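In what follows, chains are A, B, ... by sequence order, proteins preceding strands, each numbered from 1. Owing to the predicted nature of the structure, the values given are computational and were not obtained by experimental measurement.
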Amino acid sequence: MSTTDTSNSPITNRRRGTLQLWSRTLIPTLREAPAEASTPSHRLMLRAGCIRQVGAGVYDFLPLGMRVLQKVSQIVREEMDAAGASEMLMPAIVPIELYAGTKRDVDYGDLLFKLTDRHGRDAALGPTHEETVTEMAKGSVTSYKQLPLNVYQIQTKFRDEFRPRAGLLRGREFLMKDAYSFHTTVEGDGGLNETYDRMYQAYVNVFTRCGLDFTVVEAEAGPIGGSASHEFMVNAETGEDTILVCPETGYAANVEKCEIGDRDWSFDTDATTDLTKKHTPGMPGIDLVAEHLGVKPEGMLKTIVFAKIGGDKRKYVLATVRGDHDVNEGKVRDVVGFPIALADEKEAKEAGFAIGYVSPRMAATRDDTLLVIDPDATGGVWATGSDEKDHHVTGFIWARDLGADLPTKDQQGGKIRVADVRNAGEGDPSPRLPGAKLVARRGIEVGHIFKLGTKYAQAFDFTVLNEQQKKTTVIMGCYGIGVSRTIAASIEQRHDEWGIIWPVPIAPYHVVITVMDPKNDEQSKLADKLATELVEAGADVLIDDRNERPGVKFKDADLIGLPVRLTIGDKALAENCVEFKLRSEDGKGRLVDIADAVKETLSKLA
RNA sequence: CUGGGUGUAGCUCAGCUUGGUAGAGUGCGUGCCUUGGAAGCACGAGGCCAGAGGUUCGAAUCCUCUCACCCAGACCA
């Protein structure tokens, strides 16, 4: 027991740990995982009794899982507060009109959980709260003097996912921290950039404190331009996102965003093969066609038809990449300089494009069509579409078949251009250092920060008077962390065949004291004594007091993955010792003198 | 939404082809025996066989429809 009164002081920094008896809480471990779980984190969280599935993408958080949720939330809270943000709470139920204001009720589409109340009013369960927070701020912020402002909440979010999967990694209901900042300027004191940078650092702090190995990547740029968006990716082979990093310079980006370094290109070739039409019926996909033609996918050209969005006259953009590459819509858009979307198949066919069999030659014969060619799709001889249903051609040669319309390196900007318009991949040249190559890795997105600009403020006509007495539209940033997903990501990253291996900062308890024989007075008294001392020092302790066989207790301890296990049994007691084992280490542990057990434990938790 | 798969005990699954008393392992309860990596013996509780309709004397089993869940695909914290 503490001799001073500080533990009861409301302003003390000292944190008293939690003590729980296994027999008095609910940790329903499973020997076998329910059949529906295949992802490691999903299986292990179910088996360890952290969560339980209620419906598709919907879970109970049982006591153990709840404690992890709380730990991560608390770290997030501390770092947000330290970064100058203020916690608040918005409703989960949001009137649909709010989303209609930014047309996101349409943009989100079926992803939005909608409900109707007894009066017939439509509402949505909030998937995120840009609209709500903007409306809130508009009503309460009236002067530039109140800015900058940064508010956040930690709240359950709802998204009616097409396909919920992998347990907590993609649920329909999940815990998220979302923050929103408001500014009158982008640059300078109190500007968006300043807050963005602080949030960036806060995110680095959060994920570092959570004990995660992560990579920050550049993501799709926002309306303001520059590196206006970053994603925080937990490195894990099982991740569903691909990221690319340049090991030499530290550059990292997601597939959508990743630039590719300079690639040489030319339309010159000595080849003189004839253009030959081949019948290729009923073969969806490049691979099948390539096989039929006896060429490799990388010997083919793939041409995708995009249509300009807006404008009175229909305008088309063809993007040609090598058959084994993927067209990057954002890059195409940036090259042509106007918004585009994948052309509607029916409409494009009516306009004369043989979808599935389109060749770059279409651009030469049409005034309303631009062509953008990826550097890797220039050069020699190709197989490609024939602009006629069920037919492809071999022996396609740019210089001969498109001739004079082709650009040269000195003369770009016409209706046919050469530019990087494909997704980056492993081995591509780094955009930051000549000679360096990009490496592909897998990751799980747990955080995303974004410079929103004025999109929402404009939609809600949220303006303030600035120092010069001029009305200015408020500039916003938004910043999200998937709290429940972070937990799953941690497990994806750290587990073994026996169970979870929690990092100390987010472990539900720090220590499990395994009492070999709970009916033995000496053993249980010692467990209580050690636990009390540990709790006094701020550790969270779980005493396994169940009347189970040792094997069961050891297996369960490994499964739930607490960082330290202290085992109290006759063998060690005979030598005045307890057994000390870290979950992260193999083996059976080592004997530690009873008198040193607490100190030894605390030193490993620091 | 599209394609594939699965619904039988808390969990993992058999039984279905060829209709006829509902099965195993594990878990759970009680007792004994045990006590260092899910041990052993005995007894016991536990199922509207996803739901509805149909065929049949009779359906977990055959037919039809519905629902739920999982896996793979254009997205995202």
Answer with base, sugar-phosphate or nothing: what part of the nucleic acid does [X] contact at a heavy-atom distance below 4.0 Å?
X: A:D556; value: base
X: A:E231; value: nothing
X: A:E161; value: base
X: A:D570; value: nothing
X: A:G167; value: nothing

A:L168 or A:N547: which one's nearest nucleotide on RNA chain B is closer to the 5' end?
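Its nearest nucleotide lies further toward 5', so the answer is A:N547.
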
On RNA chain B, check which nucleotide each of A:V483 and A:V552 is closest to and give me the residue with the more 5' one.
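Comparing both residues, the 5'-ward one is A:V552.
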
Gap in Å between the two [atom1] atoms, one belonging to [N] and one to [M], rounded:
N: B:rG73; M: B:rC63; atom1: P; result: 32 Å
N: B:rU26; M: B:rG4; atom1: C1'; result: 30 Å
N: B:rC32; M: B:rG19; atom1: P; result: 50 Å
N: B:rG51; M: B:rU61; atom1: P; result: 10 Å
N: B:rA77; M: B:rG10; atom1: P; result: 39 Å
N: B:rG31; M: B:rC48; atom1: C1'; result: 34 Å
N: B:rC49; M: B:rU21; atom1: C1'; result: 15 Å
N: B:rU55; M: B:rU12; atom1: P; result: 36 Å

Base partner of [N], which must satisfy Watson-Crick or wobble distances under 3.5 Å:
N: B:rC62; answer: B:rG54
N: B:rA42; answer: B:rU30
N: B:rU12; answer: B:rA24
N: B:rC1; answer: B:rG73
N: B:rC49; answer: none
N: B:rC67; answer: B:rG7

Hey, does the side chain of A:R172 reach the backbone of A:A56 with a donor-acceptor pair shorter than 3.5 angstrom?
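A pair under 3.5 Å: yes.
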
Electrostatic pair [X]-[Y], nearest N-O below 4.0 angstrom:
X: A:K553; Y: A:D545; answer: no
X: A:D517; Y: A:K519; answer: no
X: A:R565; Y: A:E579; answer: yes

Extract all donor-acceptor atom pairs below 3.5 Å that involve side chains of residues 209-216 of chain A and protein atoms in other chains or at least two apart in sequence.
from: A:R209; atom 1: NH1; to: A:E78; atom 2: OE1; distance (Å): 3.1
from: A:R209; atom 1: NH1; to: A:E79; atom 2: OE2; distance (Å): 3.0
from: A:R209; atom 1: NH2; to: A:E78; atom 2: OE1; distance (Å): 2.8
from: A:D213; atom 1: OD1; to: A:N235; atom 2: ND2; distance (Å): 3.1
from: A:D213; atom 1: OD2; to: A:N235; atom 2: ND2; distance (Å): 3.4
from: A:T215; atom 1: OG1; to: A:N235; atom 2: OD1; distance (Å): 2.7
from: A:T215; atom 1: OG1; to: A:N235; atom 2: ND2; distance (Å): 3.2

[X]-[Y] side chain donor-acceptor pair, cut-off 3.5 Å:
X: A:Y180; Y: A:D178; value: yes
X: A:K157; Y: A:Q155; value: yes
X: A:D81; Y: A:Y152; value: yes

Going 5' to 3' along RNA chain B, which are the first and last nucleotides with any atom under 4.0 Å from a heavy atom of chain A?
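Taking any atom under 4.0 Å from a heavy atom of chain A, the span is B:rC1 to B:rA77.
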
Chi class for B:rU30: syn within 90° of 0, otherwise anti:
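It is anti.
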
